[in-house]
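Step one of this worksheet: look at the structure below.
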Amino acid sequence: MASSISSFLILLIWGFSFLGAFGEYGNWDSAHATFYGGGDASGTMGGACGYGNLYSQGYGTNTAALSTALFNNGLTCGACYELTCTGEPRWCNPGTITVTATNFCPPNPALPNDNGGWCNPPRQHFDLAEPAYLQIAQYRAGIVPVSFRRVPCVKKGGIRFTINGHSYFNLVLVTNVAGVGDVHSVSIKGSNTGWQPMSRNWGQNWQSNSYLNDQALSFQVTTSDGRTLTSYNAAPAGWQFGQTFEGSQF
């Protein structure tokens, strides 16, 4: 009986923590949205988050480049947002979309904030992949006001770790993160080492300068809500640079 009560309390505490972490997501804020990348979104591949081919990485075409005010120097990469077009009945389509932050929309100080410099600070702005934009607005509008809020990311499978670089320079791309989506710290452990913090190189590429060849690799991922998830032995001892491995999931 005591064990059952303890288990219930643990679940209850976890539930309140979850609600606390995601409670802010109920608040809608205002921004504007434009589009880029062409009708097939091929122009959105690559980008400042380092995700590369957004199709093969599972992000598809529901993606967005964020302005400086939202991008947080790349720490917001992987976060998910729900958007709806507002205040322009002529140009808005009904409904909402959910997009993942995969790129940076750079400022253009040569243009005024309200006439071309859409991503200039302090504006909150989403430059959407064209197929995503067309779900909520008409092409001819070009730019529309939107309401947006952070929402939990829903992903298939586990977190993915793509190991690039070379000996003494392990560059690990972290993708397909559920929950809040944006990773704020990563640690790595070889089968012959202890846990070592990684430094963020750019986007969601995390770097270790240790020699980890021929060791099984484990990863600890901490997201912006403070939750930490450990994927033990995600990569086997025989891993090779360029390979991708799947770990646990939030």
Side-chain angles (χ1 to χ4, degrees), residues 19 21-49 51 54-55 57-72 74-156 177-182 224-225:
L19 287 173
F22 290 98
E24 67 196 81
Y25 291 34
N27 298 325
W28 291 88
D29 204 350
S30 298
H32 284 80
T34 49
F35 61 90
Y36 79 115
D40 61 356
S42 59
T44 67
M45 301 297 115
C49 291
Y51 293 145
L54 300 177
Y55 298 144
Q57 294 287 11
Y59 294 107
T61 59
N62 272 20
T63 62
L66 305 184
S67 64
T68 302
L70 296 170
F71 192 63
N72 195 19
L75 282 174
T76 310
C77 289
C80 295
Y81 294 88
E82 183 180 11
L83 281 75
T84 183
C85 183
T86 58
E88 293 284 353
R90 180 183 176 188
W91 302 119
C92 290
N93 295 331
T96 67
I97 58 168
T98 298
V99 296
T100 304
T102 60
N103 203 357
F104 174 53
C105 181
N108 186 347
L111 295 175
N113 290 11
D114 60 353
N115 188 18
W118 311 124
C119 291
N120 292 350
R123 290 179 64 99
Q124 298 185 132
H125 191 88
F126 294 84
D127 201 14
L128 301 173
E130 185 177 322
Y133 176 90
L134 294 178
Q135 294 178 59
I136 60 169
Q138 299 296 311
Y139 182 95
R140 290 177 57 195
I143 179 171
V144 292
V146 295
S147 292
F148 74 95
R149 61 178 177 176
R150 283 282 299 271
V151 292
C153 301
V154 178
K155 303 296 180 185
K156 295 180 180 179
V177 182
V180 291
D182 49 347
S224 63
D225 59 352

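Along the sequence shown, residues carry numbers from 1.
The CG atom of L83 lies 7.5 Å from the CZ atom of F148; values are rounded to the nearest 0.5 Å. Distance check, rounded to the nearest 0.5 Å: CZ of F126 to CG of L66 gives 6.0 Å. Note that OG1 of T100 and CG of L54 are 9.5 Å apart. Values are rounded to the nearest 0.5 Å. With values rounded to the nearest 0.5 angstrom, T96 atom OG1 is found 9.0 Å from I136 atom CD1. Here the CG atom belonging to N113 is positioned 11.5 Å from the NE2 atom belonging to H32, to the nearest 0.5 angstrom. Atom OG1 of T68 and atom NE2 of H125 lie 11.5 Å apart (nearest 0.5 Å).
Put simply, the side chain of D127 does not reach to within 4.5 Å of the side chain of W118, judged on heavy atoms. Residues V154 and T98 fail the side-chain proximity criterion, which asks for heavy atoms closer than 4.5 Å. The closest side-chain heavy-atom distance from S30 to Q124 is not below 4.5 Å. Side-chain contact between Y81 and T76 is present, with heavy atoms from C-beta onward closer than 4.5 Å. Residues F71 and C49 meet the side-chain proximity criterion, which asks for heavy atoms closer than 4.5 Å. With a 4.5 Å cut-off on side-chain heavy atoms, T63 and N103 do not count as touching. Taking 4.5 Å as the limit, some side-chain heavy atom of L128 sits within range of a side-chain heavy atom of V99.
Counting all heavy atoms, side chain and backbone alike, C85 lies closest to V146 at CA-CG1, 4.2 Å. Taking all atoms of both residues into account, the shortest heavy-atom contact from G39 to P131 is O-CG, 3.3 Å. Closest approach of Y133 and A141 over heavy atoms only: OH-CB, 3.6 Å. In this structure, R90 and Q138 approach most closely via the heavy-atom pair O-CG, 4.2 Å. Across G181 and C153, no two heavy atoms sit closer than the pair CA-SG, 3.9 Å. The two residues P122 and A69 have their closest heavy-atom pair at O-CB, 3.7 Å.
Just one residue in the list N93, N62, T61 forms a side-chain hydrogen bond (donor to acceptor under 3.5 Å, both in side chains) with Q135, and that residue is N62. Of the residues N27, L70, V180, the one that meets the side chain to side chain contact (heavy atoms under 4.5 Å, CB included) test with R150 is V180.
For the pair N120 (side chain) and N108 (backbone), a donor-acceptor distance under 3.5 Å is present. For the pair Y51 (side chain) and G58 (backbone), a donor-acceptor distance under 3.5 Å is absent. Looking at D182, its side chain never comes within 3.5 Å of a backbone N or O of C77 through a donor-acceptor pair. With hydrogens and angles ignored, the 3.5 Å screen pairs a side-chain donor or acceptor of S67 with a backbone N or O of R123.
Within 6.0 Å of the OH atom in Y55, the count of heavy atoms belonging to other residues, nucleotides or ligands exceeds 12.
Between F35 and Y139, the ring planes are tilted. Angles from 30° to 60° get that label.
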